[in-house]
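Data first, discussion second: the structure below is written as structure tokens.
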Amino acid sequence: METSNLSRPAPVLKRFAGILLNPRQTFEEIVKHPNWGLALFIITLINVVCTLITLPKLKVFMLETLQQEMQTNPALNTPEALHIVETTSLIGAVIGALFIPAITCLVLALLFKLFNAFSGDKQPLRRFFTISVYAYIPVLFTLLIQTIVVSFSAHPDFSAAPSSLYLFFPAGASGFAANLAKQVDIFFLWSLFLAAMGSSILIRKPLRSTTIYIFILWAAYALFIASRTPALT
Amino acid sequence: MQALIAKIPGGKKSLLLLGLLLLIIGLIVFNIYKNRQAASLPVQTKQVESRQMGENVFATGKVQLLDKQEIYAPAPRLVKNVPVKVGQTVKKGQILLELESDNEALQLEQALSTLVEQEAAYAKAFNPDKQSRAIAQAEYRSAELAYQQSKKDVQRQEKLYQSGAASQQELETARQQLAINETAYLKAQYELNKIINGPQGAELEASSAQLKSAQTAVKVARETLGHYQVKAQIDGVVMSAQCSQGELAAVDKPLMVIGNPDSLEVQAGIGEADAVRLRKGQQVKIEAAAFPEKTFKGLVKELAMAAQVTQNNQSQQIEVPIKVAIESKNTGLLPGFTVDMKITTIEPEKRLTIPYETIIEKGNNKYVWRVKNGKAQRVSIKTGLMGDLYVEVLQGLHEKDTVIINPPAKLKNGQAVKPAPPAAKEAAPL
């Protein structure tokens, strides 16, 4: 059985399921067969499809946000400004859907590669990237929930992930605590944990060390974003 | 626990999947619920309530003396005497002020002399003394005798002439003498008649006219003199005195004002729109800046039958003058004080009311946004009385209905709304 696993990589969908139900064994198999192309394609495809579904609602959200901005900055209240915002937001959403998964995975891979540069067995970036791609699977749940929620809501809020702690704040709440809550997304944290687990398997280091490393970086990032993000976003 | 998990088909994996599924479903449901809540337009609301509500008209006026006498100098004269002081109580007829009036006193004396002469002549004409009467009677008898004698002389001369004993000339002479004596007789008879019965006809009228003229001259002279010796025409108090002994009295301002300080009224002008709602006898609440803690009672006493145009800076204002009697006693108000008046045109009673901020007017129609089952409904209403903060609703709403205050322009019929907490506590009662 093990010989078979060594010779043939598991199907991508099986890996997807394994990541959720039996992550350690799945990552061990992925480390042996670091194929990420199809997985990233599927993830990107799901991301793009979900984005296209929510695009009309996103357009409404952007215009409403712009109208709120107009109250403090009347210079924005021009047809040209509206058109620019409408166009750029839609194009930006599609481009973002195409590249965000890959970029996120690349950043994660680079972070763990950096960690690997100072400790443990030296591994190529490609393997870290493959781990990051599969670790990205839980984030798709956020996307899925977002798509369903947006489809059923007249005035959806795109400013925070539907699975973040911001869910427990009143609508429109702002400030540091609210902004920090927006960063605390359970599926993203799950994804980080999976990436830490995969990386620990890859570089043969204790899970605790990679987990602490990545969560410290995430906490620093979240605090920075929370303190810098304007109230409206 | 391990045993329990082992009994579940699929074991730990199924449990994980189930948990994940439940988590996703829970997040979806919670997000949709939250978005719907957030999508409801936050609005300020107010309940339709019954309130005591009447109708008032507000005006600002000046306090005036109800009974007063203002004294002006008829001509620039020196003040001779001021026998009263400000604040002194005076009685009707009491001398208040004397101005220099020597010429007027002289004119009165002359008029009085003329009157005495005229009265004497008139009295003499109607009540002649005995001597005059005796002389007149004697003259009458003498004239009568002469007249009778002349008649006899003429008769005798006629007989003599017919017998040829007298000439034509002698007869004519006798007839001329008869005519002269007849005239004298008639004159004496008239004079005697006049002495016995008094003057008659035109002579009587002339005598009466002369006497009346003399009396009028005295009256005029007395009144003219009275202008310079001013007396109180009412009982009251000297409210102000703008003169002193030895000063030259000005003619363009009152030298003295007397009146009853307990008998005051307010004079004010009311705009045309409000004036039509005023009636005599309506209750008035009066407030004065001088007594901010007090409210005085009054009654509308007089409404002018015509409006007046008042010029204010560059604008014209049409106002109906009114007078309000101050009923409260010992108010401390002084003539000239400015007061604010609240005239109750409709007595307060319980009425269904909504705030002004809830009403939207389009042409002649008025409507409000009512919140029912979390949704906004546009409701046409008819309004009645207009209060300070609230408007009476005659039709379209019921008590305890919830209406939106300052409804947003983008509000649509059936749109979900949620009451927002009030921005500030309600300020003042109706």
Side-chain angles (χ1 to χ4, degrees), chain A residues 14 16-26 50 54 57 60-61 63-64 67-68 71 137-174 181-182 184-190 194, chain B residues 1-2 4-45 369 371 373-377 404 406-423:
Chain A
K14 191 181 176 186
F16 281 5
I19 285 294
L20 302 176
L21 301 172
N22 194 359
R24 182 166 288 278
Q25 283 183 5
T26 306
C50 287
T54 59
K57 295 286 176 69
V60 173
F61 173 76
L63 288 174
E64 284 181 354
Q67 280 170 355
Q68 288 179 38
Q71 291 173 3
I137 298 299
V139 177
L140 293 180
F141 289 122
T142 299
L143 196 64
L144 182 71
I145 295 168
Q146 176 92 302
T147 307
I148 295 170
V149 168
V150 166
S151 303
F152 284 94
S153 303
H155 298 272
D157 182 10
F158 284 87
S159 68
S163 46
S164 72
L165 287 186
Y166 185 70
L167 195 60
F168 302 104
F169 279 72
S174 59
K182 285 179 184 177
V184 186
D185 176 10
I186 51 168
F187 291 113
F188 184 70
L189 295 182
W190 186 6
L194 288 175
Chain B
M1 189 66 183
Q2 290 291 331
L4 191 66
I5 291 169
K7 283 181 185 173
I8 298 168
K12 198 177 168 184
K13 289 181 183 175
S14 299
L15 211 59
L16 270 172
L17 277 174
L18 184 66
L20 182 63
L21 196 65
L22 286 175
L23 177 67
I24 290 170
I25 291 170
L27 284 169
I28 289 169
V29 171
F30 191 53
N31 270 283
I32 290 173
Y33 169 76
K34 199 183 165 194
N35 278 344
R36 288 201 173 163
Q37 283 294 106
S40 297
L41 194 64
V43 288
Q44 299 276 345
T45 58
W369 288 94
V371 179
N373 300 325
K375 289 183 177 173
Q377 287 182 333
I404 297 173
N406 295 322
K410 61 181 179 181
L411 195 60
K412 291 185 174 69
N413 225 353
Q415 183 170 351
V417 291
K418 60 178 177 184

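Every chain is numbered from 1 and lettered A, B, ... according to where its sequence line falls, protein lines coming before strand lines. Model, not experiment: these values are computed from the prediction.
A heavy-atom distance below 4.5 Å is not found between the side chains of A:Leu20 and B:Leu16. Within the 4.5 Å cutoff, the side chain of B:Ile24 has heavy atoms near those of the A:Phe187 side chain.
Looking at A:Phe141, only its side chain comes within 4.5 Å of chain B, counting heavy atoms on both sides.
Among B:Ile28, B:Val29, B:Leu23, the residue making the largest number of heavy-atom pairs under 4.5 Å with chain A is B:Ile28. The residue among A:Leu144, A:Thr142, A:Leu167, A:Val150 with the most heavy atom pairs within less than 4.5 Å of chain B is A:Leu167.
Taking each heavy atom of A:Pro162 and B:Leu27 in turn, the nearest pair found is O-CD2, 3.7 Å.
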